[in-house]
Asks: 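Encoded as structure tokens, here's the structure I'll be asking about.
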Amino acid sequence: MSDTPIETAPRTEIRELQNERLRETVRNAYENVDYYRAELDAAGIEPEDIQTVDDVQKLPFTTKEDFRSEYPDGLFAVDGADVRRIHASSGTTGKPKIVAYTENDLDVWSEVVARCLAASGVEPGETVQNGYGYGLFTGGLGLHYGIEELGATVIPIGGGQTQRQVELLQDLESDVLTCTPSYSLYLAETAEEMGIDITDLPVSTVIFGAEPCTDPMREEIEERLDVTGIDIYGLSEIIGPGVSNECHEAQEGLHIWEDHFYPEVIDPHTGEPLPEGEEGELVLTTLTKEALPVFRYRTGDLTTLTYEECKCGRTMARMDNVTGRADDLLIVRGVNCYPSEIESVVLEFDAIAPYYRIDLYRDDNLDHLELTIEREPNFDGDTADLRDRIRTRLSNVLSFTPDKLEIVDPDSIERTEVGKVKRVYDHR
Ligand code: DLL
């Protein structure tokens with residue numbers, strides 16, 4: 001295992017480092033960010049009140065609305081001259097969230113991404129085709145510099161140009177592909193159309209992230225591309241990709257690089273911290289960010305934490321893979337369910353391809369859910385019978401049935417070539 005010693009350090013050592021770095025972060029934010037100074041003053045908190053990570057709960061939460069109301073640079077802790085790079089998180093509505101990095105922040109970012117790659121099993125000298133979008137999105141450049149930091153070769157193709165991606169994977173014999181989970185499947189499909197058997201290519205690992213990926217979806221990816229699928233997690237507000245990553249040894253949860261990011265899981269309704277192992281909303285505090293220190297950021301992502309030492313020897317906390325966000329919750333005639341739960345049920349059926357969409361409508365004050373799924377090209381059975389079986393399964397597992405369930409022909413559902421896949425269309 002190639003790693004930095006802190007990854008396997010005793011928990012007490014990690015704690016001490018976190019305490020020290022948290023004190024420094026609070027001081028930096030209090031002195032240099034008017035927004036945080038006003039928040040702490042209003043709550044009657046002095047920076048000295050925060051001595052250890054046990055005091056973190058005294059700090060206020062930061063939300064995406066705070067990023068928006070402080071747009072563009074109200075949360076920055078340094079002058080423009082010390083900012084080396086700006087990124088922005090997409091966001092479908094309203095203003096994007098602008099994020100900034102000092103030179104040191106960029107070094108830390110490359111280091112944590114290099115750690116992610118090492119944990120994924122990538123070795124210096126290997127070749128990585130980077131299919132994350134370059135530009136304001138953090139995926140492309142975030143992975144790019146981490147790949148170089150590790151000492152691997154990066155192929156900076158970015159998103160799109162799918163046929164070209166397939167050709168390059170073949171011609172440059174990349175060992176690793178980094179892209180969203182949905183895009184890796186699209187790439188496999190494109191290779192097939194080009195008459196190339198993607199399982200014959202040397203690529204042996206796909207490092208996917210930026211989107212939720214359920215276990216059945218991961219199995220599809222691993223099977224179709226004949227690869228090991230490794231989950232990488234992160235968000236712009238905290239740094240970008242590289243907050244946490246699975247290890248290839250265990251593939252059991254994502255190691256959070258706790259010397260840079262302090263995790264908590266809270267009840268999304270009450271804001272109260274939840275004990276280890278209970279599912280709730282992930283909240284992150286940066287411990288080393290200079291340009292944009294963030295207290296207790298409410299990620300909206302649902303997960304659980306465990307502090308048990310991993311099989312790989314790492315001692316840093318692990319989070320479960322994120323299959324949904326608190327605000328993804330669908331309420332269908334009084335029954336709560338997440339799109340990922342629907343995905344898990346329908347992908348149990350071999351006849352169903354990993355493409356689907358959910359449309360929500362409101363008629364006469366009643367919510368309607370329509371589920372459209374694609375059949376596998378080689379399915380030649382009775383579609384009506386398949387539909388009935390899927391309906392029954394959804395009803396047994398999730399206690400609801402969609403108002404309309406349609407099974408469509410292969411390639412009917414739009415593929416996402418660039419950016420994040422959209423599966424839920426809310427017309428209400
Ligand atoms: O998506 C950063 C990233 C790029 C992560 C490339 C991994 C790989 P944002 O655009 O700010 O940043 O979106 C962050 O995407 O809060 C999650 O809801 C979701 N997300 C990111 N990684 C995962 C993952 C990048 N592995 C938001 N699993 C986050 C599930 C993920 N959701």
Side-chain angles (χ1 to χ4, degrees), residues 62-64 67-68 86-92 94-101 109 112-113 115-117 119-120 128-147 156 158-159 176-184 206-215 217-218 221 229-246 251 253-257 261 263 265 268 281-284 286 292 294 297-304 318-329 338-340 343 416 418-424:
T62 307
T63 62
K64 61 172 187 270
F67 269 82
R68 298 226 158 95
I86 294 281
H87 279 281
S89 122
S90 35
T92 41
K95 294 231 187 272
K97 287 158 266 171
I98 304 289
V99 298
Y101 305 78
W109 193 12
V112 290
V113 174
R115 266 192 219 177
C116 291
L117 295 158
S120 309
V128 185
Q129 180 157 315
N130 184 18
Y132 286 112
Y134 281 69
L136 285 173
F137 175 53
T138 53
L141 288 171
L143 262 299
H144 183 102
Y145 288 108
I147 295 165
V176 182
L177 169 68
T178 55
C179 65
T180 59
S182 58
Y183 190 66
S184 69
V206 174
I207 304 177
F208 54 72
E211 280 170 13
C213 183
T214 58
D215 286 344
M217 189 66 92
R218 175 208 295 263
I221 294 170
I230 300 279
D231 198 346
I232 182 168
Y233 170 85
L235 64 167
S236 318
E237 297 88 314
I238 296 301
I239 203 158
V243 170
S244 64
N245 203 89
E246 280 177 338
Q251 288 179 283
L254 291 80
H255 295 273
I256 302 175
W257 309 126
F261 317 107
V265 164
E281 180 178 349
L282 179 69
V283 168
L284 292 164
T286 65
L292 188 59
V294 179
Y297 187 66
R298 293 197 55 161
T299 65
D301 297 322
L302 298 173
T303 190
T304 57
R318 272 173 293 156
M319 56 187 263
D320 236 5
N321 83 320
V322 173
T323 55
R325 297 177 46 80
D327 49 16
D328 282 346
L329 182 68
Y338 286 98
S340 59
E343 173 179 307
T416 305
V418 178
K420 304 191 186 209
V421 68
K422 181 171 160 69
R423 293 197 170 105
V424 179

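Every number for a ligand or one of its atoms is a count from 1 in the order of the listing.
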Asks: Where does the angle between the aromatic ring planes of Phe67 and Tyr297 fall among parallel (under 30°), tilted (30 to 60°) and perpendicular (over 60°)?
Replies: perpendicular
Asks: List in chain and number order the residues that pass salt bridge (Lys or Arg N to Asp or Glu O under 4.0 Å) with Glu211, two or more places apart in sequence or in another chain; answer none if no residue qualifies.
Replies: none
Asks: Taking only residues two or more places apart in sequence, or in another chain, which ones meet Ser120 in a side chain to side chain donor-acceptor pair (under 3.5 Å)?
Replies: Asn245
Asks: For Asn130, which residues count as a side chain to side chain donor-acceptor pair (under 3.5 Å) partner, sequence neighbours excluded?
Replies: Tyr134, Thr178
Asks: Enter the distance from Glu281:CD to Asp327:CG here, rounded to the nearest 0.5 Å.
Replies: 8.5 Å
Asks: If only side-chain N and O atoms count, and only distance matters, is there a donor-acceptor pair under 3.5 Å linking Asn321 with Tyr233?
Replies: no
Asks: Tell me, which residues have any heavy atom less than 4.0 Å from some atom of ligand 1?
Replies: Ser89, Tyr132, Phe137, Thr138, Gly139, Gly209, Ala210, Glu211, Pro212, Asp231, Ile232, Tyr233, Gly234, Leu235, Ser236, Glu237, Pro241, Asp301, Val322, Arg325, Lys420
